[in-house]
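Working notes for the structure below.
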Amino acid sequence: MSKNFDVVVIGGGPGGYIAAIRAAQLGFNTACIDEWKNEKGGPAPGGTCTNVGCIPSKALLQSSEHYEHAGHAFKDHGIDVKGLSLNLPQMLGRKNTVVKQNNDGILYLFKKNKVTFFHGRGSFVKGDANGYEIKVAGAAEESITAKQVIVATGSNARALPGAPFDEELILSNTGALAITEVPKKLGVIGAGVIGLEMGSVWRRLGAEVTVLEALPTFLGAVDEQIAKEAQKLLAKQGLTVNLGVKIGDIKAGKKDVSVDYTDDKGNAQKAVFDKLIVSIGRTPNTTGLNAEAVGLKLDERGFIAVDGDCKTNLPNVWAVGDVVRGPMLAHKAEEEGVAVAERIAGQHGHVNFNTIPWVIYTSPEIAWVGKTEQQLKADGIAYKAGTFPFLANGRARALGDTSGMVKFLADAKTDEILGVHIVGPMASELISEAVVAMEFRASAEDIARICHAHPSLSEATKEAALAVDKRALNF
Ligand code: FAD
Ligand code: NAI
């Protein structure tokens, strides 16, 4: 086996494994190094996303939603469920199977594309514009060389000072996805994406969930109208979110964990939880990379410093995904991975940061692309807005899920779509139409004039586009 490669990718998450496949497709002799281990110590490529992120969280969100629907929503459809009970080991087992299918899928894709996979930790030994030597420390230690290196080492959960993760009582995303008994009282610190998704899972399975959030506004990055609607809907489901809190001491006991905090009125509070999820953001992971050996520059927040093209300060060393600036999203990491491989091949790889969609997989889902109304106001951009509620959509009624709305924001003069925001059923799928439209710089009128299948949720998208010009037909 060749130990000299054209391209070596360090990290096999969505940024890394996709970069490796694209580089191989472009004809480069490519290797990917990933250190993630499955429970047997074997390789488990796919990174945070596959192992303890996107995939297992969506598996549990789906299972817990079925459980909740079977509990009451089915009744409305005329389906009486008797003797409903939760088999949590089966639910967690299914989640693990889904993860393994994805790990195996990536190993298969490496084979198919002739990417050489190394299971172990990759670290820089030395190098310059002529090439880099990289040590792989796995079951055995070996040395490989690369003309080009792509670093895709991802991120780790950020702990609160004085409250390290023990994954028993104080949980990161890893522990939050593997609780073996539904906690009676579950605390969550941080009402961000993980807090709301994991809080939803465990609430649906029967936990009393309290989310403690430092900021005074709920989902501040989301369009205000959509965030307000989502807050209302989540509260109705029984998810308690306390905003504007200041977290004090956190003490893990033998069986529970206590949290001292100050509420939004300045009153001292103490809460005791059976488990506590801390989801206050993530930090870039460069541990073990030995960046110092080659002088790879990090920025003041610990991210690998890159330019707009993902070039680092070193010749022929690139970095993509969570370990560099920008949103920590799997699809952003993938797009950067593809773009870098294409740039190495002398092509014009491109990532449009203005059209990266966001989805929060609560029920209903929250999805958006482009500018929010508050951003447009702050930027002084004249805009028109159109909204359409799912309540007035026939398919949503048939589904029995009429919560939420679609909202369009278009330039007041040109009608170009500037942002689309959805809270409602299947928002994660519906947002793609808006992404395509914005990528092609479409106007709201373009969407309004496109024939959408009936009955479909996507008609709400068309109607919201019509509403920009105050001519929604069904509302
Ligand atoms: P990672 O996926 O973190 O992969 C990095 C890999 O590199 C890991 O396997 C790591 O072990 C390996 N590695 C690190 N250092 C070395 C080294 N020196 N040598 C060898 N290997 C190394 N994003 C979405 O878009 N949609 C979602 O639904 C979503 N859900 C999420 C849910 C949760 C609970 C979490 C925590 C995250 C979620 N994310 C989601 C975010 C998403 O997981 C990340 O944005 C994505 O995984 C980043 O990809 P990456 O390739 O940059 O890094
Ligand atoms: P986040 O950035 O989404 O949310 C963190 C929240 O914690 C914020 O609301 C913040 O104000 C709050 N916070 C920070 N410090 C706090 C403190 N001391 N006390 C109380 N609240 C505090 O981060 P999260 O949820 O940890 O997720 C990390 C990242 O993972 C996300 O930003 C996202 O990029 C990615 N992710 C994406 C998902 C998706 O695409 N569906 C799902 C889950 C994660």
Side-chain angles (χ1 to χ4, degrees), residues 9-19 32-37 43-58 60-61 118-124 134-138 151-158 160-161 163 172-174 176-177 188-199 201 211-221 241-248 259 261 277-291 319-324 326-334 336-337 356-362 365-367 428:
V9 184
I10 307 178
Y17 91 80
I18 288 290
C32 181
I33 312 168
D34 188 78
E35 65 178 344
W36 207 292
K37 288 185 182 139
T48 302
C49 177
T50 302
N51 293 293
V52 290
C54 329
I55 300 300
S57 62
K58 267 78 252 178
L60 287 185
L61 278 155
F118 290 93
H119 187 213
R121 171 167 287 186
S123 50
F124 284 104
I134 290 159
K135 184 176 85 179
V136 184
V151 181
T153 47
S155 64
N156 292 318
R158 187 153 72 84
L160 275 167
S172 71
N173 53 297
T174 303
L177 288 158
V188 179
I189 301 187
V193 199
I194 295 179
L196 295 180
E197 290 188 2
M198 294 319 299
V201 165
V211 187
L212 302 171
E213 164 61 44
L215 293 179
T217 29
F218 181 70
L219 289 178
V241 181
N242 296 337
L243 301 172
V245 309
K246 195 166 181 317
I247 303 292
V259 180
Y261 65 96
I277 298 174
V278 176
S279 47
I280 55 166
R282 298 179 62 81
T283 52
N285 173 28
T286 51
T287 321
L289 196 57
N290 203 17
V320 301
D322 280 13
V323 79
V324 304
M328 287 184 166
L329 294 173
H331 42 283
K332 175 262 193 186
E334 292 180 5
E336 285 183 336
I356 293 178
W358 276 85
V359 180
I360 307 178
Y361 293 81
T362 45
E365 293 176 346
I366 306 161
S428 56

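Just so it is clear, the model here is predicted, and its values are computed rather than measured. We count ligands from 1, going down the list as the structure has it; atoms in each ligand are counted the same way.
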Would you check whether G281 reaches within less than 4.0 Å of ligand 2, judged by its heavy atoms?
yes
What residue and atom, counting heavy atoms only, is the protein's closest point to atom 30 (O) of ligand 2, and at what distance?
R282 CD, 3.8 Å
Quick note on ligand 2: atoms under 4.0 Å from a heavy atom of Y361 include exactly 41 (N)
Ligand 2 to I194 polar contact by distance, N or O atoms, under 3.5 Å:
yes
Not counting sequence neighbours, which residues clear side chain to side chain contact (heavy atoms under 4.5 Å, CB included) with E334? List them please.
P14, I18
Atom 7 (O) of ligand 2 sits nearest the protein heavy atom G190 CA, 3.3 Å
One finds that the ligand 2 atoms under 4.0 Å from a non-hydrogen atom of L215 are 11 (O)
Set of residues that line ligand 1, where lining means a heavy atom lies under 4.0 Å from it
I10, G11, G12, G13, P14, G15, G16, I33, D34, E35, W36, G47, T48, C49, V52, G53, C54, S57, K58, G120, R121, G122, A152, T153, G154, S155, N173, I194, R282, N285, G321, D322, M328, L329, A330, H331, A333, Y361
Chi angles and distances behind the side chain to side chain contact (heavy atoms under 4.5 Å, CB included) call for L196, E213
CA-CA 11 Å; L196 295 180; E213 164 61 44; over 6 Å; no
To the nearest 0.1 Å, how far is atom 21 (N) of ligand 2 from its closest protein heavy atom, and which atom is that?
A214 N, 3.2 Å
Any atoms of ligand 2 less than 4.0 Å from a non-hydrogen atom of I189? List them with their elements.
19 (N), 20 (C)
Ranked by distance from atom 4 (O) of ligand 2, the top protein heavy atom is G192 CA, 3.2 Å
Suppose we screen for side chain to side chain contact (heavy atoms under 4.5 Å, CB included). Which residues come up paired with A44, at least two apart in sequence or across chains?
W36, N38, N51, N103
Between V359 and ligand 2, which part of the residue brings a heavy atom under 4.0 Å of the ligand: side chain, backbone, both or neither?
backbone
For ligand 2, is any non-hydrogen atom under 4.0 Å from E197's backbone (N, CA, C, O), its side chain (CB onward), both, or neither?
side chain
For ligand 2, indicate whether the residue I280 contacts it via side chain, backbone, both or neither (heavy-atom separation under 4.0 Å).
both
Partners meeting side chain to side chain contact (heavy atoms under 4.5 Å, CB included) with I189 (sequence neighbours left out):
L160, I247, I250, V259, L276, I280
Below 3.5 Å, N or O to N or O, backbone or side chain included: is there any such pair between M328 and ligand 2?
yes
Can you sort out which atoms of ligand 2 are near S279, meaning under 4.0 Å from one of its heavy atoms?
5 (C), 6 (C), 7 (O), 25 (O), 26 (O)
To which protein heavy atom is atom 18 (N) of ligand 2 closest, and what is the distance rounded to 0.1 Å?
L160 CD2, 3.5 Å
Please state which protein non-hydrogen atom is closest to atom 8 (C) of ligand 2 and give its distance, to 0.1 Å?
E213 OE1, 3.5 Å
Under 4.0 Å from a heavy atom of L329: which atoms of ligand 2 are those, numbered in the order shown and with their elements?
40 (O)
What atoms in ligand 2 come closer than 4.0 Å to a heavy atom of I247?
19 (N)
Any N/O pair V193/ligand 2 closer than 3.5 Å:
yes
